[in-house]
Participant: 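Take a look at this one; I'll ask things after.
Model, not experiment: these values are computed from the prediction. Here is the naming used below: chain letters follow the sequence lines, and residue numbers restart at 1 for every chain.
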Number of protein chains: 2
Amino acid sequence: MNALEKKFAALAADAAPGQEVRQDLSGVQAEMMGGLLSGTPVDFSHGDVDAHPPTPGSAEVWQNGFKAGGQQAYTEYRGAKEIREKVALRLTNFTGREVNAKSELIITPGTQGALFLALGSCVTSGTKVAVLEPDYFANRKLVVFFGGEVVPVALKFSGQGDENGPNLAQLEAAFQSGTEVLVFSTPNNPTGVVYSAADIAEIARLSSEYGVTVIVDQLYSRLLYSNETYTHLRSDPSAPKNLITIMGPSKTESLSGFRLGVAFGTASLIERMERLQAIVSLRAAGYNQAALETWFNEPEGWMDTRIAAHQAIRDDLVDLFRGAKIEVTVPQAGSYVFPKLPPLSVSSEVFVKLLRIQAAVTVTPGSEFAPGTGDSIRLNFSQDHEAAVAATKRIIQMIERYKA
Amino acid sequence: MNALEKKFAALAADAAPGQEVRQDLSGVQAEMMGGLLSGTPVDFSHGDVDAHPPTPGSAEVWQNGFKAGGQQAYTEYRGAKEIREKVALRLTNFTGREVNAKSELIITPGTQGALFLALGSCVTSGTKVAVLEPDYFANRKLVVFFGGEVVPVALKFSGQGDENGPNLAQLEAAFQSGTEVLVFSTPNNPTGVVYSAADIAEIARLSSEYGVTVIVDQLYSRLLYSNETYTHLRSDPSAPKNLITIMGPSKTESLSGFRLGVAFGTASLIERMERLQAIVSLRAAGYNQAALETWFNEPEGWMDTRIAAHQAIRDDLVDLFRGAKIEVTVPQAGSYVFPKLPPLSVSSEVFVKLLRIQAAVTVTPGSEFAPGTGDSIRLNFSQDHEAAVAATKRIIQMIERYKA
């Protein structure tokens, strides 16, 4: 393999959420036991925006953007000024620390775009990057793509609430041995663990002490369940000098079809991100940017209703898994559950494919999130409630069927 | 400067089209001569989609995409299957060679996104890439960003029609000395030169002989003026094995606000591009992809009218420049003219800023397109006809005023 072949082998995306349709399933037929389990197909690899529709008014606001014409089509690469000003103010209120619209915010093509630009701005050949395990699958791929080196740090997620969190001793050891960048998500994808106030304070202290650049993916921080608290790293008095926070309306707000995200924080990093954006895709689609008008600006009570709907699904799914003696952490926020499979007679990769063939259920294999979590599966439970419950019952039947 | 600082210094985007609003103009006030020239402000750095509006029906088709819901929001990373099938057929007809919708086409966030993914798929540390001079400014930046080495090849553009074109002897010398990739645009940005059939045939032959991967940016190939002919490299019988063609509806069709492009060609490269897309921004915005329904599917006569409108502006601008003894090549296609400034008493960078301050005219400095073309300026003349003519007269007055 030459250098490019190696680089792209590391970017294999066949098991990535949404790409399952491209898989060749013929090889797993031989391992199939039993017949088909009928029911409404559920694709847990991503949320169902038909079951939980986009923020009211988002399509109308898009039309306004279209009608605004050239000024909306050709914004600055970092996004339209007027929209940045509104969003910066709302993010200031949400995170408890001022965001300067002129220098500290960039609108990106989705939060994926924000992550790409953020890591591209601080990772180059040889840069050591601390990556939590498990965490969003693209983090590791991005580090490798930019030529960096992944320094794994364990995330405990088998406990309850604040018992979970990053292994801070490992994190400090990583910083001591030359790690320059830390990237992590809280709420964590795929487990739904929310980093505690104490852990965030310690991450702030350590990253400041060691001069580490931190990228924190807070994509799911608005979908916080009752009795949970959320701590914004950026509002910690010891927050590191180089800090980028990433959010966007693709998940809770179901605006994924618009491809909108934002990154905000250290001006010099935002400046680099914009330079990179200029050669990657110029800007988030101009007319789509207008849909940010609806963000943090939803109708009264809309977000409460959305959270309650998701909490009800979460509770049912957790009960079902636990009733079947399947280990699962109760997500504190977001719409992911990450149950751990018992030992099976087939590999978990094959099991995931069999779920699609036999049970009309698509899930994401745990191996996407860390080398060591191949025995878990991730479900995005932002689905039709009834269909999600029925599909979870089918998953459990399949687990029983294939138990070793 | 550390490695990252160097990398981002090479990506400076202050003079890039659309970014002029971020420039600090205070420094040039001291060099100002004379007063203001009044008139409708014209931003020649990009086309005016208010003067030449998006394809009829594009906003309605977007709404249909939005209403289609989840299936349109979450397409494969390479784009929705049904849309790829339609577009592949139309591109087969347009280019004269079959495009396989399943394996040979990817929908990208604009043609900028296509270029980024295409170069990312074949350029890594140390890859030598032949880049025409002048050519689209991002080509060089992308090569540098991916760690490659730019091997410049001259483009002659001072002649008439087929006298213009790439220096094929330089191109072959580049191939002989280990150049693995060639990227170029035809119609050329910024000059409007269309590569002749003979030049395309020779590029096909040479790139096949030397096993060079070719990326050809044909963004403007539909906006072809009367009596001009266009040759598609991909339909040449000797076309190289590794070939990506890039197009999109951002310019002639004024759909830039949707951020849509396509790349088509060698399946293994398209596969790499999709893997890269998965970590860059996942996909072109799902609802926006629906707007490709209108592409190559415009109302009867619409394209002819659009071409005629641009040809009329082109002819007036060329006449004005030539009447003032300013050298300019007649663009054969596209909406760029690239007049050469006579020696001035200020640098061309300063002159471009003075044009904004004193004449309400924004143009792109020639230095963006090649190190050696700093004495030219690029105008995208896809503008209101009358305003463009008046603004060109102001440019000429300013040239007279600052002549050395």
Participant: Let me know if A:E5 has heavy atoms under 4.5 Å from chain B in its side chain, its backbone, both or neither.
Facilitator: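 Contact with chain B involves both backbone and side-chain atoms of A:E5.
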Participant: Indicate yes or no: at least one non-hydrogen side-chain atom of A:L276 is less than 4.5 angstrom from one of B:F145.
Facilitator: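 When only atoms from C-beta onward are counted, B:F145 and A:L276 do touch, with a gap below 4.5 Å.
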Participant: Go through it in stages, so that I can follow the logic: the residues are B:R272 and A:L4, the test is side chain to side chain contact (heavy atoms under 4.5 Å, CB included), and I'd like the CA-CA distance, side-chain angles, deciding distance and then a yes or no.
Facilitator: CA-CA 10 Å; B:R272 283 188 184 171; A:L4 272 163; 3.7 Å; yes
Participant: Under 4.5 Å heavy-atom distance to chain B, tell me which part of A:K81 shows up: side chain, backbone, both or neither.
Facilitator: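 Contact with chain B involves no heavy atom of A:K81 at all.
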Participant: Under 4.5 Å, counting heavy-atom pairs only, tell me which of B:V123, B:I279, B:L11, B:T108 racks up the most with chain A.
Facilitator: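 Max contact count across the listed options: B:I279.
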Participant: Is there any residue in residues 109-116 of chain B with a non-hydrogen atom under 4.5 Å from a non-hydrogen atom of chain A, and which ones are they?
Facilitator: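 Listed by number: B:P109, B:Q112, B:G113, B:F116.
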Participant: Which atoms of B:K67 are under 4.5 Å from chain A, going by heavy atoms: the side chain, the backbone, both sets, or neither?
Facilitator: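 Looking at B:K67, nothing touches chain A.
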Participant: Is B:F66 close to chain A through its backbone or its side chain, or both, or neither, when contacts mean heavy atoms under 4.5 Å?
Facilitator: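 Just its side chain gets close to chain A.
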Participant: Going by ring-ring contact (aromatic ring centres under 6.0 Å, His included), name the residues that satisfy it together with B:W295, two or more places apart in sequence or in a different chain.
Facilitator: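 B:W295 satisfies ring-ring contact (aromatic ring centres under 6.0 Å, His included) with no other residue.
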Participant: Quick check on A:Q289 against chain B: is it the side chain, the backbone, both or neither that has a heavy atom closer than 4.5 Å?
Facilitator: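 Neither part.
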Participant: Give the intermediate values and the outcome of side chain to side chain contact (heavy atoms under 4.5 Å, CB included) for residues A:Q63 and B:Q63.
Facilitator: CA-CA 9 Å; A:Q63 288 289 341; B:Q63 287 289 341; 2.5 Å; yes
Participant: Look only at the side chain of A:D50 and the backbone of B:G69, and say whether a donor-acceptor pair between them is shorter than 3.5 Å.
Facilitator: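 Not at all, since once roles are kept as given, no pair shorter than 3.5 Å links the two residues.
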Participant: Which region of A:E76, side chain (C-beta onward) or backbone (N, CA, C, O), has a non-hydrogen atom less than 4.5 Å from a non-hydrogen atom of chain B, or is it both or neither?
Facilitator: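 Both backbone and side chain of A:E76 come within 4.5 Å of chain B.
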Participant: Looking at B:D43, B:L142, B:D48, which has the largest count of heavy-atom pairs under 4.5 Å with chain A?
Facilitator: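 Going by pairs under 4.5 Å, I would pick B:L142.
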Participant: With only heavy atoms counted, which part of B:A51 is less than 4.5 Å from chain A, the side chain, the backbone, both or neither?
Facilitator: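 Looking at B:A51, nothing touches chain A.
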Participant: Quick one: does A:Y287's side chain get under 4.5 Å of B:P54's, heavy atoms only?
Facilitator: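 Yes - at least one pair of side-chain heavy atoms lies under 4.5 Å apart.
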Participant: What part of A:S125 gets within 4.5 angstrom of chain B, counting heavy atoms only: side chain, backbone, both, or neither?
Facilitator: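 For A:S125, no heavy atom lies under 4.5 Å from chain B.
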Participant: Assess whether side chain to side chain contact (heavy atoms under 4.5 Å, CB included) is satisfied between B:Y74 and A:V49, documenting all intermediate values.
Facilitator: CA-CA 9 Å; B:Y74 285 93; A:V49 300; 4.0 Å; yes
Participant: Under a 4.5 Å heavy-atom cut-off, does chain A meet the side chain of B:P53, its backbone, both or neither?
Facilitator: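 For B:P53, no heavy atom lies under 4.5 Å from chain A.
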Participant: Keeping A:R259 on the side-chain end and B:R283 on the backbone end, is there a donor-acceptor pair under 3.5 Å?
Facilitator: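 Checking the backbone N and O of B:R283 against the side chain of A:R259, no donor-acceptor pair under 3.5 Å is found.
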